[in-house]
Amino acid sequence: MFELAAANLLSPIILSFALGLIAALARSDLSIPEAVAKGMSIYLLFSIGFKGGVAVADNGIDAQLVGTLAAGFILSGIIPFVAFGLLRVLTKLDTLNAAAVAGHYGSISIVTFVASSSVLESAGLAAEGYMVATAAIMEAPAILSALWLASHASGESRMDAGLLREIMLNGSIVLLVGSFFIGLLTGNDGLDLISSFIVAPFQGVLCLFLLDMGLIAGRGLRETKGALGGGTILFGVLMPLVGASFGLGSGLLLGLSTGGIVLLMTLSASASYIAVPAAMRVALPEAKPAIYLTLSLGVTFPFNLVLGIPLYLAVATMITGG
Amino acid sequence: MFELAAANLLSPIILSFALGLIAALARSDLSIPEAVAKGMSIYLLFSIGFKGGVAVADNGIDAQLVGTLAAGFILSGIIPFVAFGLLRVLTKLDTLNAAAVAGHYGSISIVTFVASSSVLESAGLAAEGYMVATAAIMEAPAILSALWLASHASGESRMDAGLLREIMLNGSIVLLVGSFFIGLLTGNDGLDLISSFIVAPFQGVLCLFLLDMGLIAGRGLRETKGALGGGTILFGVLMPLVGASFGLGSGLLLGLSTGGIVLLMTLSASASYIAVPAAMRVALPEAKPAIYLTLSLGVTFPFNLVLGIPLYLAVATMITGG
Amino acid sequence: MFELAAANLLSPIILSFALGLIAALARSDLSIPEAVAKGMSIYLLFSIGFKGGVAVADNGIDAQLVGTLAAGFILSGIIPFVAFGLLRVLTKLDTLNAAAVAGHYGSISIVTFVASSSVLESAGLAAEGYMVATAAIMEAPAILSALWLASHASGESRMDAGLLREIMLNGSIVLLVGSFFIGLLTGNDGLDLISSFIVAPFQGVLCLFLLDMGLIAGRGLRETKGALGGGTILFGVLMPLVGASFGLGSGLLLGLSTGGIVLLMTLSASASYIAVPAAMRVALPEAKPAIYLTLSLGVTFPFNLVLGIPLYLAVATMITGG
Amino acid sequence: MQTHPAKRVEITIEAPMERRLRHALEEADITGYTILPVLGGSGRSGTWSREGQIGLSGMVQFVCIIREDRLDTLLNAAFAVVEKQIGVVCVTDAHVLRAERF
Amino acid sequence: MQTHPAKRVEITIEAPMERRLRHALEEADITGYTILPVLGGSGRSGTWSREGQIGLSGMVQFVCIIREDRLDTLLNAAFAVVEKQIGVVCVTDAHVLRAERF
Amino acid sequence: MQTHPAKRVEITIEAPMERRLRHALEEADITGYTILPVLGGSGRSGTWSREGQIGLSGMVQFVCIIREDRLDTLLNAAFAVVEKQIGVVCVTDAHVLRAERF
Ligand SMILES: Nc1ncnc2c1ncn2[C@@H]1O[C@H](COP(=O)(O)O)[C@@H](O)[C@H]1O
Ligand SMILES: Nc1ncnc2c1ncn2[C@@H]1O[C@H](COP(=O)(O)O)[C@@H](O)[C@H]1O
Ligand SMILES: Nc1ncnc2c1ncn2[C@@H]1O[C@H](COP(=O)(O)O)[C@@H](O)[C@H]1O
Ligand code: NA
Ligand code: NA
Ligand code: NA
């Protein structure tokens with residue numbers, strides 16, 4: 001496993017993240033324009049959605065697929081309650097901020113998912129194509145759980161129909177699901193047509209995207225230094241392990257392949273930093289972005305990237321026997 | 001022909017457009033940053049101009065080329081008069097708005113042209129390389145015809161030297177013509193050097209670009225619902241057929257290849273939504289963008305993309321015998 | 001050599017620059033969004049840094065590498081003094097503006113470096129991988145020399161710790177050095193992973209980037225017409241030759257390969273238009289950008305691109321015997 | 001040239017609230033406004049900048065020119081949205097050409 | 001700190017007219033202005049937003065600070081361009097540092 | 001709705017000076033401002049536009065709303081940065097909601 005972690009550490013992807021992190025901490029003015037960052041994220045979402053759809057078109061739709069989607073939905077809805085409990089034990093956050101943080105951990109980080117897929121590929125492990133669809137399904141339920149937690153605590157309802165609609169129609173979710181269906185409908189013919197766009201340069205784009213993530217995480221850490229207590233940081237590295245064990249259990253129950261289990265562990269372990277923060281700004285404006293964003297992007301994201309993913313791979317390989 | 005239309009419908013390119021359309025109609029906040037959209041359109045223009053130039057360098061310059069360019073110029077200048085007449089019959093638009101709309105249909109949509117080229121490629125049909133130059137030539141004359149129509153109606157001149165200059169030096173035209181000449185001068189050596197940039201990822205970029213077009217068309221349709229009467233919408237699907245028949249006649253007279261005829265039909269059938277609207281805002285500010293943009297982008301563009309192109313291909317194949 | 005210059009002139013890269021130049025001089029509204037231009041420059045810096053690092057990983061670190069880096073540092077620091085002297089002889093610029101201009105010529109233009117590498121590649125000549133690192137090292141010392149010249153003349157110090165820090169942490173330098181180290185650490189394995197992103201489309205991206213450079217240079221020339229006297233323009237074509245001869249001497253002393261000598265000549269001959277202008281706006285706000293930017297971007301950059309590089313290649317080949 | 005008195009209201013607000021503010025203005029029958037992008041800023045909740053934010057946060061600035069007698073309607077509508085949110089509302093006296101448009 | 005009275009004129013206008021307005025100002029000898037990008041807006045001709053517009057429409061905002069006695073020249077020059085066009089002109093009283101520059 | 005008098009200060013300055021101005025404001029204990037991107041402009045040093053500038057030059061606009069009694073502190077802090085630089089400072093009277101924030 002140490003070899004694996006070392007190989008992972010020396011991949012251009014992780015090193016690009018580290019470069020961004022260091023540059024930001026050293027106060028370099030290196031930055032990636034917002035439009036380019038958004039363009040890359042559209043590219044990544046389109047590409048993984050499409051490839052997932054093609055994989056499902058190849059393998060067909062079966063009971064396991066439906067079960068996995070359902071499991072993803074439930075995991076996303078339940079994990080925030082677990083996170084909320086852990087936060088109450090480990091930190092002194094008030095219920096509102098705890099609810100907001102908890103929502104992030106039920107939802108997922110698509111870049112962590114992609115990084116995990118890359119590691120699987122290097123390790124020569126295949127995974128179920130519909131894990132992409134599972135990722136899409138896990139984006140939203142956690143938000144509702146978080147709002148329920150916050151409403152319950154404050155006694156006033158935090159949900160309204162408009163917000164619900166906005167969450168479901170969030171650009172990332174629509175793009176991921178939409179390109180999944182495009183891949184499903186066009187299959188390998190479609191993939192042949194555009195693979196030199198969505199497959200060949202993928203890893204390289206991911207490097208630049210992670211450079212940007214490193215820059216953002218580094219700036220976040222620099223500006224909020226001290227805002228996070230020790231207990232909160234501890235939560236940021238413990239919670240992914242808790243989430244991953246939920247993912248492991250579900251994956252074993254569903255009878256997923258080793259690769260599929262690793263991906264479900266990664267999804268459960270990862271925390272959102274795009275869809276959920278946007279929803280929280282609207283629904284829980286009093287909660288502090290400095291807390292939930294820094295925790296998700298500055299602590300849990302690098303933890304998963306560097307240590308988490310190789311660990312999940314090692315554990316899953318050990319348990320399933322490869 | 002139904003097979004062809006079905007195959008066309010299931011291409012990732014058309015499905016990407018549909019995804020954008022649906023997302024916008026459902027009020028998703030999915031959007032592509034303006035800078036990225038403009039970057040993609042620069043890429044597409046550069047790539048098709050360059051490839052057209054290389055094709056001409058391969059085949060040499062001959063009388064047919066000159067004839068086709070002249071035909072393009074004339075078609076672009078004449079079609080607005082036909083469109084104006086049809087508008088007067090089918091709709092209640094005043095002369096100013098009718099003139100503005102008419103100008104759009106004489107000019108061309110470069111993305112429709114590209115989509116048509118893709119369909120030809122899938123069908124294994126070659127086309128004359130200079131069709132790209134024809135496309136460039138057809139951009140502008142229609143604008144002058146529209147201004148003439150409007151001046152004639154209102155009795156005040158709508159043209160000035162500055163505007164004429166601006167139209168000729170419009171960025172899209174300059175880029176298309178310029179990269180055509182770069183391709184012509186560097187030929188296959190140049191193409192070898194940069195083909196993994198301008199050829200390989202082309203179809204994939206086109207997908208994302210059409211996703212954006214779908215988003216824009218969908219938003220346009222949503223916001224102007226009701227602004228277009230039934231007669232106007234009818235015009236939006238009839239006019240491309242009229243234009244295409246002009247293109248067909250010219251193509252047969254010129255003795256173009258089947259592929260070339262399809263492209264000339266497509267150019268004649270398509271309506272501008274970049275160069276002409278910009279010129280109209282300056283020269284005919286009283287004309288309503290809600291009418292001409294929605295018609296061009298929300299009605300005629302998808303019509304050509306989904307039904308028009310396969311139809312033009314079927315007709316041309318039938319008449320030329322393949 | 002004339003053949004070489006002609007081949008160089010007919011490359012898509014040079015022609016793209018020419019297209020931009022012509023479009024801008026003709027007042028076309030063709031333009032590339034700032035975010036896209038910045039995205040391309042990030043791509044180019046990342047790509048050349050990475051490839052340089054991989055080349056060094058392949059060849060190992062030796063005394064020549066250290067010597068070349070040291071030479072680069074010294075060249076960048078000394079050339080501004082030479083440039084300053086030449087400016088005093090050829091032009092009537094006051095000391096402040098002369099110091100600002102001089103700083104630009106000690107520093108380097110990374111795009112000129114890249115264009116030179118492309119020419120070497122076409123000519124089948126290899127160069128030392130660490131020339132990229134040399135380029136990075138040559139960015140900054142010239143700025144300090146320029147500030148010293150300006151302080152010396154005006155009697156007031158122009159340097160402060162904050163500025164020094166900003167210069168060293170300039171985004172371009174950090175990205176170039178950082179990706180160099182990523183390439184060094186991941187070597188050929190890393191390159192294999194992302195080569196279809198950073199190698200394959202490189203020349204094509206360079207074309208679009210040079211199109212933008214042409215647009216900027218053309219606009220600069222148009223707006224400052226008359227601002228540059230004959231002596232100043234003469235300086236703009238003489239100074240690169242002077243710089244190149246310094247690079248030639250150092251390269252021979254260091255025993256570099258023919259390709260390496262050409263690159264060191266190019267670096268010494270080229271003038272900055274990104275890092276140095278930004279520093280000058282902060283440290284020497286009274287100096288006129290119209291002078292130093294137009295000279296660097298509108299005179300020296302095209303001179304090197306079109307005539308300089310083939311000349312340096314011819315001279316280096318002649319002297320080293322190939 | 002003839003000008004007419006009016007108020008210029010500038011509302012700086014988080015990007016995720018843009019849609020809600022648009023909607024609130026529409027409800028209050030205020031249909032004229034312009035939205036400017038914001039690069040960065042500083043306030044009680046710290047400093048931020050837009051580079052590479054992939055939509056994480058970011059603010060926008062509404063500029064709304066309005067007849068004086070409609071000012072209170074506007075401020076009430078805006079306040080309802082801005083209240084709990086990060087954001088700033090600033091009003092200045094202004095004069096406009098073509099008063100009939102406001 | 002010493003400040004001097006001036007006028008701040010804000011002209012929101014369609015992007016395709018930018019070049020013409022620049023030119024009209026130049027003709028009127030008005031050489032100081034700043035142009036801000038506009039993200040979106042709403043007016044009598046409906047609501048629009050800049051995302052993915054590929055230059056279809058879009059507006060820009062000119063901000064021009066000017067001595068009071070030059071205001072009418074500016075308004076006349078601007079009005080000639082804006083007249084038939086979509087667009088808004090708004091004037092506010094202001095104070096500037098370094099009056100000699102205006 | 002209750003509003004309170006304040007000053008709106010608009011500082012247009014070259015992008016490379018952004019960091020310095022941020023710093024100067026911080027030093028003067030001024031922590032509320034918004035930064036807008038600038039597309040282009042014209043002044044004594046000519047006309048420029050941001051398209052494709054790859055950071056060559058470019059300007060930004062600070063908008064700072066401030067209590068009247070703090071205006072001089074702000075102007076002094078800003079002036080120290082702007083003095084030798086290209087740039088414009090413009091002050092207008094304004095009214096704000098939620099005065100306690102300024
Ligand atoms: N005094 C001010 N002047 C201008 N903009 C401000 C001011 N205070 C806050 N802002 C803007 O509002 C945002 C949020 O402010 P705050 O709620 O104080 O954190 C800041 O990031 C600024 O963009
Ligand atoms: N009252 C207003 N306040 C601020 N901006 C306005 C106002 N009215 C119109 N605008 C701007 O001018 C554009 C065109 O307005 P209109 O000509 O009324 O459609 C709108 O999209 C807004 O950007
Ligand atoms: N009178 C003015 N009104 C608005 N902006 C101005 C004015 N004068 C200068 N500027 C802005 O400040 C920049 C530099 O001006 P200058 O220092 O005069 O070259 C210009 O490019 C404009 O963006
Ligand atoms: Na999770
Ligand atoms: Na047409
Ligand atoms: Na140099």
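Every heavy atom of this structure was used, including side-chain atoms; hydrogens, water molecules and symmetry mates were not. By convention in this document, chain letters (A, B, ...) are assigned in the order of the sequence lines, proteins followed by strands, and residues within each chain are numbered from 1.
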K.L.:
Given heavy-atom pairs under 4.5 angstrom as the criterion, report whether the side chain, backbone, both or neither of C/Val205 touches chain B.
P.N.:
both

K.L.:
Picking from C/Val36, C/Leu211, C/Leu208, which has the most non-hydrogen pairs under 4.5 angstrom with chain B?
P.N.:
C/Leu208

K.L.:
Output, in order, the C-alpha distance, side-chain angles, deciding distance and verdict of side-chain contact (heavy atoms from CB on, under 4.5 Å) for B/Leu44 and B/Ile48.
P.N.:
CA-CA 6 Å; B/Leu44 294 175; B/Ile48 59 170; 5.7 Å; no

K.L.:
Give me the contact list for residues 128-140 of chain B versus chain C, heavy atoms only, anything under 4.5 Å, ordered by residue number.
P.N.:
none

K.L.:
Just so I know, are the side chains of B/Leu193 and C/Pro12 near enough to count as touching, which here means a heavy-atom distance under 4.5 Å?
P.N.:
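They are in contact (side-chain heavy atoms under 4.5 Å apart), so the answer is yes.
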
K.L.:
Testing the basics here: between B/Cys207 and B/Ser16, what is the closest heavy-atom pair and its distance to 0.1 Å?
P.N.:
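Between these two residues, the closest heavy atoms are O-CB, 3.3 Å.
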
K.L.:
Report the residues that fulfil ring pair (Phe, Tyr, Trp, His ring centres under 6.0 Å) with B/Tyr43, sequence neighbours left out, ordered by chain and then residue number.
P.N.:
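Result, ring pair (Phe, Tyr, Trp, His ring centres under 6.0 Å) vs B/Tyr43: B/Phe197.
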
K.L.:
Has C/Ser116 got a side-chain atom pairing as donor or acceptor with C/Leu263's backbone, closer than 3.5 angstrom?
P.N.:
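No: the side chain of C/Ser116 does not pair with the backbone of C/Leu263.
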
K.L.:
Measure B/Ile198 against the heavy atoms of chain C and call it side chain, backbone, both or neither at under 4.5 Å.
P.N.:
neither

K.L.:
Which of the residues B/Ile182, B/Ile42, B/Val174, B/Ile194 is involved in the greatest number of heavy-atom pairs with chain C at under 4.5 angstrom?
P.N.:
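The candidate making the most pairs under 4.5 Å is B/Ile182.
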
K.L.:
For B/Phe181, which residues count as a ring pair (Phe, Tyr, Trp, His ring centres under 6.0 Å) partner, sequence neighbours excluded?
P.N.:
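None.
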
K.L.:
Per the side-chain hydrogen bond (donor to acceptor under 3.5 Å, both in side chains) rule, what does the pair list look like for residues 176-193 of chain B, sequence neighbours excluded?
P.N.:
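For residues 176-193 of chain B, and leaving out neighbouring residues, the side-chain hydrogen bond (donor to acceptor under 3.5 Å, both in side chains) pairs sorted by first residue read B/Asp58-B/Asn188.
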
K.L.:
Backbone N or O of B/Leu267 within a donor-acceptor pair of the B/Ser270 side chain at under 3.5 Å?
P.N.:
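The answer is yes, because a donor-acceptor pair under 3.5 Å joins these two groups.
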
K.L.:
Can you tell which part of C/Ser118 gets under 4.5 Å to a heavy atom of chain B, answering side chain, backbone, both or neither?
P.N.:
neither

